[in-house]
Structures are given as C-alpha cells and as structure tokens.
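Below is one structure; the comments refer to it alone.
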Amino acid sequence: MSERYVFWADAVADEIEASDPAEPIVIKGGISPSGVPHLGNMNEVMRGHFVAAVLRERGHEVRHVFTTDDRDPLRSLPRLLADLDGTLVELGDVDAGALGRNLGRPYTDIPDPFGCCDSYGDHFSNLINTSAESLGVPVELISTTELYTDGTLEPSIIKLLERREEARNLLADFQATVDSQYVPFNAICRQCGLVTETITDVDLEAGSVAYRCDGITAGNRDIEGCGDEGEVSLREGKLPWRFEWPAQWRALGVDFEPFGKDHAEGSWPSGRRIAESLLDTEPPVPLTYEWFTLDEEPFSSSAGNVVLVEEVLELIEPEVLRYFFAKDPARARDFSIERIDQLVDEFDRFEAIYFEEITASEEEHARAERVYPFLVDHIEPNRVRLPYTFAAVLGMTDDPELRKAIAQREGHICEDTPSSADADALERVERARRWARRTDNAFNYELKRARIPDVPIDEKTGAALQELAEIAASGADGEELQAAIYELARSHEIDVGDFFATGYRLFLDREEGPKLGPFLAHLDREFVVRRLRREC
RNA sequence: GGGCCGGUAGCUCAGUCCGGCAGAGCGUCUGACUCUUAAUCAGACGGUCGGGGGUUCGAAUCCCUCCCGGCCCGCCA
C-alpha cells in the first residue's frame, strides 16, 4: 500500500541481493582526476555510500572502492585548479607551460603543478579522497594506473586482445567509427610518453604490442606524436575507456556501480556486453543518476562554475549536504548556494519529523524514519537547530555571548539545554554568516559607520529622531528603544513601517534588518546618538 | 533523426515502483497578539500533476501518443 516508503537505496540493495553477490559486496565509483573534484562529482561517492550503508545494515560485508582513473591522458588544461587545502587557484598561478607540454600523457606521468604530490594524478586523487572524507564517507581509493602496473588488469587485457576480432565487432555495434584496424589497447610511447592508439602488432606470447606514435586527439586539438615505432608490455599501456570499465569490474569483482546519465546510453550498454560476452564476468547492478546544476548553471571547471565540498561545508553541516544526496537520484536538481537556506530548512523539518516534534503526513514520516539515520553519525534527540536565516541575523554580532543571549531571548536555546548542544547550534551562526557574506544577500548587514547614508528625512521624522537620540543618550536598553520607536512614530504621526525603514537606512542603508531597538542597543551609545542626530 | 531519463502550487520538494479525496515547507494575502522588522500565531489564496487519448468503478501513478528539457548515438570520461 501507499504508506510504505521505499528509499531508493533500499530498492538498489534489493537488486544487488537478488544478483547473489559474493561477500564482501563490492561497490565502486570512479572519476578521472582531471582537475578540481567539485560537488557534482560527489554523486559518484554518495550514491554508492547510501547503498553501502543499507547493505551493511542488512548484515553484509561491504567494500566501497573508488577508482581514480589516473592513466587517462590529460586532454585539456583546466582553468581552475586547487591546492591540497582545497583553495581554488587559477591556471595562470601555476606553471601552465609545463602542464601544456604534458597534454596527451597519463595523469600519473605528469608532475604535480603544486609540487606536493608524486604526480598530477596523485594530487587530484588526494583531493577526491579529502572531499569524500569530509562528507564522512571513507572510500578505498584505487589507482587505475596501479591496476595496470601491478598486473591486476593484465588477465583482462590478454582476454580482450585474444578476442580482439570479437571486441572490434562488438564495439562496432555501438560506435560507428570502429574500423578494421581497431585494437582495444593503447600504448604509452616509450619516447615521448603520449598515449597512442595506433597498435601495429600484438604478440601475446611475448606479452607485448607494437605501436606507432601517431599522436592523439585531445579535446579539439591534435597533439602530434613523435613517430616512434616500438614495443611495450601489456602493463605499459591502457585500455580504451569502454573496455577499461568492464575490465575494472572483473578485476575488482564489482557488484554495484552508480554512474552519471552520460554513461547510461553510451558506455554502460557496451560495457555490460563486453563484460558478459568477452570477459565472462557478471556486470554490476547499475544506477544512473541525473546531474545537478549549481545555481542554475552546469558544473564546469573550464567555465569556473564549480564549488568544492569543503566550500559547501563552510556554509552547511555535513548532514544537510548528505540529505541533498539522499534525494531521488533520477531527478535533476539545482544546488543553489543563493538559496541554501531552503535546503537547510527542508533538512531541519525532515529531522523534526523524524523526532516527531512536528506533525506530518504518514508518507513524510515513513521517509524520515527510514532515511534520517543514514544522514547523521549519532542520533541525537537533544540537538538544537537555529533556523538558518535567524542564524544569519545573529551573525551581525561577533560576540559569542551576545549571540547566545539573543538566541535564548528568542526561545531557540533554553537555559537547560546542554552547553554542548548550544555550541553545536551556534556553529551554524558562523556558517550562515559566511553564506550571507558570500552571496551578499539581505542578511549581509553592514553597519555604515564611516559615512551617513543619503536618507531623505522630513520635518516630522527629524523631530522624532531627535527625541529618539535623547532616549538613546539616556541609556535606554534594547526593548525600551524598540518601544520608543513605536511611540515616537505614533506621536509624530509617522507611519510605523516608514519610521523603521528610516532607522534601518540610517545605520545599514537597507529598508529592513534585525530587530531595531536591541540592534541599536548593541552599538556604542555615542555613535548611535550622533547618527540619530545625523551629525556623523 | 533514433534511444534513455526527467516535467507535480510562484519557489524548493514529497507522493509514481504497488491505481483509492492533489500534499508539505517557503513565499504571497488577510487577521490576531492593546510593539510587523529572522517576529510569532491563526486563516486564506494558490494546481489542466507538461498536452491529448486509452485501460479501470476509480489514474499524478498503468498503456499509447505528442510537446518541452537534459543526456547518449564522434573522441573522451
């Protein structure tokens, strides 16, 4: 019946169990360490993670591996890079020329532009690992280059080369450009290090292939080969992606793999058939996920539209971000930094439904009941969540005690909540303040201390402000000032809303802001008095 | 052109697998609290569930078809 809620990860886990996998169950993800691993890439990590968590809950042993496809050749120079701390760096700030000379070579053969890791590939693989860990997902990172050099992929390579005729025919069903010369293996040129596709001979007894270094098409440019003709072993080359993927499944015994929708009609159907009919291995259970956009635009390293996991975690708690990835993977979504408050509100509500603090429909409750435990490390009924935009308002003051006092006054923190819960709750203030600054939105209050904003003030309002200045000078507290604002508006026959707006404009140059009386009381008295008299 | 996946309120999303009164939050509007300023509370407004057809006692849900968007059908991942 309809009140039963099926978490998508449960449905996938059912499918995996039905495929009768050996223990441990192997879940894989993988990306090419071509540059900054952005939030979109975390689909690859998180979709697998939820399925792994469900399977572990069911008592299975699970290996969650993640291949970094680091033997892929560098095809274009990313405009943005990132150092190991996750700080974004323009291409121009590193030795772009040195990178450019390495186009067409495997990532693991290219020096790290930051000089801190063994190679370009290692550098960005490290970043992938860091991002996954910051989301609380420990993955077993596997270098594809190592799978080649340590011989793990060799049996699959031999199989494919033995049956290269079949491989060619099979691939031709999916790709129109496969010709009679096609060999499902690329060599790394011994002279210049380029990945070259021209294989002139295969000698399986010697375990080698002969190649001619004809160059490589990378993006929209051709990289010229050195023309070298030589031989390399099967560990000194690379399978084309369509073959590499199923070879990884076979070598690692992969039972489940999520992938982006770009693979759904391309490499997945061919990979499945390659696995079944050429590699004699069972393909994994698939899961296609839709891509999401970042503030309405596609993620793009080249266009600079990227955000790192670490950046997002400066704005929201990890459990909120995990919540985003727990949503239906089939649906395309926008991840909006501008409106990240909506996501947080949605999470807070979801959490409150789980703890039965608010009423909700049966469906909502069933969903929260099932999914929420996968979002947090510990289920903590005593946690305190400040509403996100309220937290942003609290960010106007740097004083931690004042923040706490206001939160208490507004009833978000009780006297008897444990101080650790208070501290957790108040951490959100820092996050929300960063958000307000980053997006420069309505919560990014800035006190216009240096110069008085240009505010038109009529006679009545001027008189009322004079009186307010006197009240402020007399040492009135926040609530007294707040009451005075109302009373003065009435006694001077000014619209209350207009009078408040004038007050906000004098101090913030905005029409709205935090509760005005307490806000003014927090500022130094002399400044407030002089500003109300419009003397500074 | 062919294939795959999406399209539910202004916005963000549940609900679609397994047919049973069209839902939530936010926003908007109105009212209340003898102080609207992240207010709070109460209420209201808000829908061709992308369009059309079919199956059914009954369709957002199943089937067919069309429209729109993304992706794939070159290379690469």
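Proteins come first, then strands; the chains are lettered A, B, ... in the order of their sequence lines, and each starts at number 1.
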Classify the ring geometry of [X] against [Y]: parallel below 30°, tilted from 30° to 60°, perpendicular beyond 60°.
X	Y	result
Phe500(A)	Tyr486(A)	perpendicular
Tyr323(A)	Phe350(A)	tilted
Phe50(A)	Trp8(A)	perpendicular
Phe347(A)	Tyr372(A)	tilted

Closest listed nucleotide, where the reference is the side chain of [X] and the choices are [options]:
X	options	result
Lys327(A)	A77(B), C13(B), C76(B)	C13(B)
Tyr486(A)	U12(B), U36(B), A14(B)	U36(B)
Arg331(A)	U37(B), A14(B), A77(B)	A14(B)
Glu346(A)	U36(B), A77(B), C13(B)	C13(B)
Gln342(A)	C18(B), U12(B), C76(B)	U12(B)
Glu265(A)	C13(B), G3(B), U37(B)	G3(B)
His263(A)	C5(B), C18(B), A77(B)	A77(B)
Gln175(A)	U8(B), A38(B), C76(B)	C76(B)
Tyr504(A)	U37(B), C76(B), G25(B)	U37(B)

Closest nucleotide of RNA chain B for Val393(A) versus for Phe324(A): which of these residues is on the 5' side? Phe324(A)
More 5' along RNA chain B: Tyr323(A) or Phe443(A), using each one's nearest nucleotide?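 Looking at RNA chain B, the more 5' nearest nucleotide goes with Tyr323(A).
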At less than 4.0 Å, is any side-chain N or O atom of [X] found next to OP1 or OP2 of [N]? Yes or no.
X	N	result
Arg333(A)	C11(B)	no
Tyr5(A)	G15(B)	yes
Lys238(A)	C76(B)	no
Thr177(A)	C75(B)	yes

Counting any heavy atom closer than 4.0 Å, what does [X] reach on the DNA or RNA strands: base, sugar-phosphate only, or nothing?
X	value
Asp69(A)	sugar-phosphate
Asp262(A)	base
Ala176(A)	sugar-phosphate
Gly517(A)	nothing
Ala264(A)	nothing
Thr288(A)	nothing
Trp291(A)	sugar-phosphate
Glu364(A)	sugar-phosphate

Write down the distance between [atom1] ([X]) and [atom2] ([N]), rounded to a whole number of angstrom.
X	N	atom1	atom2	result
Ile485(A)	U37(B)	CD1	C1'	10 Å
Phe7(A)	C18(B)	CZ	P	20 Å
Trp268(A)	C5(B)	CH2	P	14 Å
Lys261(A)	G7(B)	NZ	P	12 Å
Phe292(A)	U12(B)	CZ	P	15 Å
Asp334(A)	C26(B)	CG	P	21 Å
Phe174(A)	G2(B)	CZ	C1'	15 Å
Leu171(A)	C73(B)	CG	C1'	13 Å

Arg531(A) side chain to Leu506(A) main-chain N or O, any donor-acceptor pair under 3.5 Å?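 Yes.
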Can any side-chain N or O of Thr293(A) pair as donor or acceptor with the backbone N or O of Asp295(A) at less than 3.5 Å? no
Once you round to the nearest 0.5 Å, how far does [atom1] of [X] lie from [atom2] of [Y]?
X	Y	atom1	atom2	value
Glu317(A)	Leu375(A)	CD	CG	12.5 Å
Lys261(A)	Thr288(A)	NZ	OG1	10.5 Å
Asp70(A)	His123(A)	CG	NE2	14.0 Å

Would you measure the distance from the [atom1] atom in [N] across to the matching atom in [M] and give it in whole Å?
N	M	atom1	answer
C17(B)	C57(B)	C1'	24 Å
G52(B)	C67(B)	C1'	10 Å
C41(B)	C35(B)	C1'	16 Å
U65(B)	A24(B)	P	35 Å
G43(B)	C49(B)	P	27 Å
G15(B)	G7(B)	C1'	15 Å
C76(B)	C13(B)	C1'	35 Å
A60(B)	G20(B)	P	9 Å

Is there a Watson-Crick or G-U wobble partner for [N] with both distances under 3.5 Å, and which nucleotide is it?
N	answer
A42(B)	U30(B)
G1(B)	C73(B)
G25(B)	C11(B)
A59(B)	none

If the test is side-chain hydrogen bond (donor to acceptor under 3.5 Å, both in side chains), which one of Glu265(A), Arg242(A), Gln175(A) qualifies with Ser270(A)? Arg242(A)
hbond_proxy Arg349(A) side chain to U12(B) base (donor-acceptor, 3.5 Å cutoff): no
Expected rows: protein N/O vs nucleotides 32-34 of chain B N/O, under 3.5 Å:
none

Below 4.5 Å, heavy atoms only, C-beta onward: do Arg383(A) and Phe355(A) meet side chain to side chain?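 With C-beta onward as the side chain, the pair touches.
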Tell me which one of Phe243(A), Trp268(A), Phe259(A), Phe256(A) satisfies ring-ring contact (aromatic ring centres under 6.0 Å, His included) with Trp249(A). Trp268(A)
